Amino acid sequence: MKKNLQQILDGFHIEQFQNDLIDWFTKEQRDLPWRKDRDPYKIWVSEVMLQQTRVDTVIPYFHKFMEKFPTLEALAEADEEEVLKAWEGLGYYSRVRNLHAAVKEVKEKYDGEVPRSKEQFSKLKGVGPYTTGAVLSIAYGIPEPAVDGNVMRVLSRIFLIWDDIAKVSTRKQFEEIVRHIISRENPSYFNQALMELGALICVPMNPLCLLCPVQAHCRAFHEGVEKELPVKTKTKATKKVYLRAVVLKNEEGRILIRKRPSEGLLANLWEFPNDELPLQIEEAQAFAEWISREHNVVVQSLEPIGEFEHVFSHLIWHITAYRGEAIGQTSESETSKWVTPEQLETYAFPVSHQRIWKAYNE
DNA sequence: GACTCGTGGTC
DNA sequence: TGACCAAGAGT
């Protein structure tokens with residue numbers, strides 16, 4: 001049941017809250033690589049990398065990315081294959097394809113300058129409500145809400161909001177609240193402080209309320225229910241998919257790789273040839289025939305490497321991997337190539353197939 | 001509104 | 001150890 005804004009903000013000391021929060025952030029903020037300056041491009045890249053991804057995971061990727069693509073122009077002009085390779089292992093690969101497309105658009109349409117206009121910036125690919133608010137407030141000091149999971153957790157506790165944070169309508173309610181309590185003097189620090197508080201103090205399981213700079217403002221703490229917030233519906237169970245894959249080597253020592261479709265799971269990444277097992281039968285003979293048919297080769301030998309299990313957000317792959325040797329026709333195309341082991345390292349693979357490659361070489 | 005889209009860490 | 005989580009966006 002939604003409370004109205006009046007009800008939520010009644011008796012809340014906005015100015016004091018802003019001061020307590022920003023003072024804390026000024027003293028306690030972490031030293032992170034994207035906080036060195038206010039380059040909108042760097043802020044933008046960091047925000048995209050941080051979507052659904054931990055800070056510790058992002059840091060090394062951010063350094064590598066900035067080394068390879070130091071400016072917006074550098075990224076805009078970069079080869080797509082190279083950009084995807086720089087994202088390898090980070091997950092949610094559509095993020096980087098959208099970012100690449102967006103940066104190209106900024107280069108062409110806006111002379112390489114990240115737009116300050118909310119309307120223009122939020123139209124770019126991969127730029128949603130959160131990223132819009134985050135980049136505009138942090139890079140340009142524009143008072144726009146940046147409501148992520150941290151902010152919803154923090155504010156649901158402070159204002160005792162029991163709505164399901166998995167719903168879009170709830171996020172919009174939080175944006176409305178932030179519009180009313182955001183600091184006009186320092187929107188950048190205000191937004192970052194809310195997120196930093198969620199990351200360091202107002203954490204999901206056991207919040208450190210005794211160390212909280214805004215404890216006096218927190219209704220959940222006052223009522224002792226901080227651990228029961230926020231409310232979030234559970235995700236459904238994951239489905240299991242059985243695959244068989246082959247690392248196939250030809251007479252020249254080249255390996256057969258194949259490009260995944262441009263949409264869907266792991267789009268545009270490369271992988272070893274594989275198919276789904278209709279039944280749970282693992283017959284090497286049947287697989288050899290499939291490989292021959294599918295890739296127009298003669299399979300000389302085929303032996304198992306091992307079993308690999310990989311968990312995604314909504315499904316599980318169970319891969320039975322083989323090593324094989326082939327002779328005969330070597331058909332190549334845009335989406336199917338024979339590469340040397342050295343060349344193979346320059347293509348972006350899903351983590352599951354990286355593991356297969358590692359096992360193959362042991 | 002519900003579902004898709006990765007990965008590694010945590011309790 | 002399995003469920004849940006972590007700075008969301010697109011369809």
Side-chain angles (χ1 to χ4, degrees), chain A residues 25 29-30 32-35 42-62 84 87-99 101-102 121-135 137-138 145-154 163-172 174-175 178 188 191-200 202-206 227 230 232-241 260-269 271 309-317 348-355:
Chain A
F25 181 72
Q29 64 171 297
R30 290 169 291 179
L32 299 174
W34 46 88
R35 287 180 176 163
K42 293 182 188 171
I43 307 287
W44 185 5
V45 171
S46 75
E47 291 302 341
V48 174
M49 285 187 170
L50 286 163
Q51 289 168 11
Q52 302 293 289
T53 310
R54 284 185 161 73
V55 165
D56 289 343
T57 303
V58 166
I59 289 175
Y61 280 91
F62 182 80
L84 199 55
W87 207 270
E88 184 186 51
L90 247 192
Y92 286 142
Y93 299 95
S94 66
R95 290 185 293 176
V96 77
R97 288 190 299 132
N98 286 335
L99 176 63
F121 185 61
S122 63
K123 271 185 194 151
L124 297 166
K125 282 190 181 174
V127 179
Y130 166 76
T131 306
T132 300
V135 173
S137 66
I138 298 171
V147 175
D148 68 344
N150 283 315
V151 173
M152 288 195 282
R153 184 172 56 256
V154 170
D163 301 294
D164 181 3
I165 64 165
K167 299 188 172 190
V168 177
S169 59
T170 305
R171 194 209 68 227
K172 288 182 178 172
F174 283 116
E175 286 172 351
V178 172
S188 166
N191 280 341
Q192 291 188 75
L194 276 183
M195 293 189 274
E196 194 82 339
L197 190 66
L200 300 182
C202 197
V203 293
M205 307 302 267
N206 295 299
K227 286 189 184 179
K232 189 177 182 184
T233 54
K234 298 183 177 85
T235 56
K236 61 169 190 177
T238 53
K239 188 180 118 186
K240 207 162 186 172
V241 176
R260 294 180 59 84
S262 58
E263 289 186 354
L265 185 66
L266 303 164
N268 286 353
L269 269 69
E271 64 182 4
E309 217 160 69
H310 192 77
V311 181
F312 297 91
S313 29
H314 56 298
L315 64 94
I316 300 173
W317 273 359
F349 281 77
V351 166
S352 52
H353 285 247
Q354 292 175 45
R355 298 216 167 98

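For clarity, every value in this text was computed on a predicted model and none was experimentally measured. Chain A is the first sequence line, chain B the second, and so forth, proteins listed ahead of strands; every chain is numbered from 1.
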Show the distances under 3.5 angstrom between N or O atoms of the protein and N or O atoms of nucleotides 8-11 of chain B.
| from | atom 1 | to | atom 2 | distance (Å) |
| --- | --- | --- | --- | --- |
| B:dG8 | OP2 | A:Arg355 | NH2 | 3.2 |
| B:dG8 | N2 | A:Arg54 | NH1 | 2.2 |

note: A:Ile165, atom CD1; B:dG1, atom P; distance rounded to Å ~ 16 Å
Which of C:dC5, B:dG1, B:dG6 is nearest the side chain of A:Ser169? It is B:dG1
Numerically ordered, the residues 42-50 of chain A set in heavy-atom contact under 4.0 Å with DNA chain C is A:Glu47, A:Leu50
A:Asn98 meets the side chain to side chain contact (heavy atoms under 4.5 Å, CB included) criterion, sequence neighbours left out, with A:Ser94, A:Lys125
In whole angstroms, the gap separating P of B:dT7 from CG of A:Leu84 amounts to 11 Å
A:Arg171 CZ to C:dG8 P, in whole Å, measures 11 Å
* Are OP1 or OP2 of C:dC5 and a side-chain N or O of A:Arg153 less than 4.0 angstrom apart? -> no
Considering only heavy side-chain atoms of A:Asp148, the closest of B:dG6, C:dG8, C:dG10 is C:dG8
Q. Have A:Asn191 and A:Ser137 got a donor and an acceptor in their side chains that come within less than 3.5 Å?
A. yes
The side chain to side chain contact (heavy atoms under 4.5 Å, CB included) partners of A:Glu309 (sequence neighbours excluded) come to A:Lys240, A:Ile316, A:His318
Sorted by chain and number, sequence neighbours left out, ring pair (Phe, Tyr, Trp, His ring centres under 6.0 Å) with A:Tyr130 holds for none
For A:Val203, the side chain to side chain contact (heavy atoms under 4.5 Å, CB included) test, sequence neighbours excluded, returns none
* Asked: Would you call A:Glu47-A:Lys42 a salt bridge at under 4.0 Å N-O?
  -> no
To the nearest angstrom, the CD-P distance between A:Glu263 and B:dT4 comes to 15 Å
*Using a cut-off of 4.0 Å on non-hydrogen atoms, how would the nucleic acid contact of A:Val55 be classed: base, sugar-phosphate, or nothing?*
base
Q. Got a donor-acceptor pair under 3.5 Å from the side chain of A:Thr131 to the base of C:dG8?
A. no
Contacts of A:Tyr92 meeting ring pair (Phe, Tyr, Trp, His ring centres under 6.0 Å) (sequence neighbours excluded), chain-then-number -> none
Separation of C:dG8 atom P from A:Arg95 atom CZ, nearest Å, is 9 Å
Can you say whether a donor on the side chain of A:Tyr130 sits under 3.5 Å from an acceptor on the base of C:dG8, or the other way round?
no
A:Ala166 meets the side chain to side chain contact (heavy atoms under 4.5 Å, CB included) criterion, sequence neighbours left out, with A:Asp164, A:Lys232, A:Thr233
Sorted by chain and residue number, the ring pair (Phe, Tyr, Trp, His ring centres under 6.0 Å) partners of A:Phe25 (sequence neighbours excluded) come out as A:Tyr189
Return no unless some side-chain N or O of A:Tyr92 is found under 4.0 Å from OP1 or OP2 of C:dG10. no
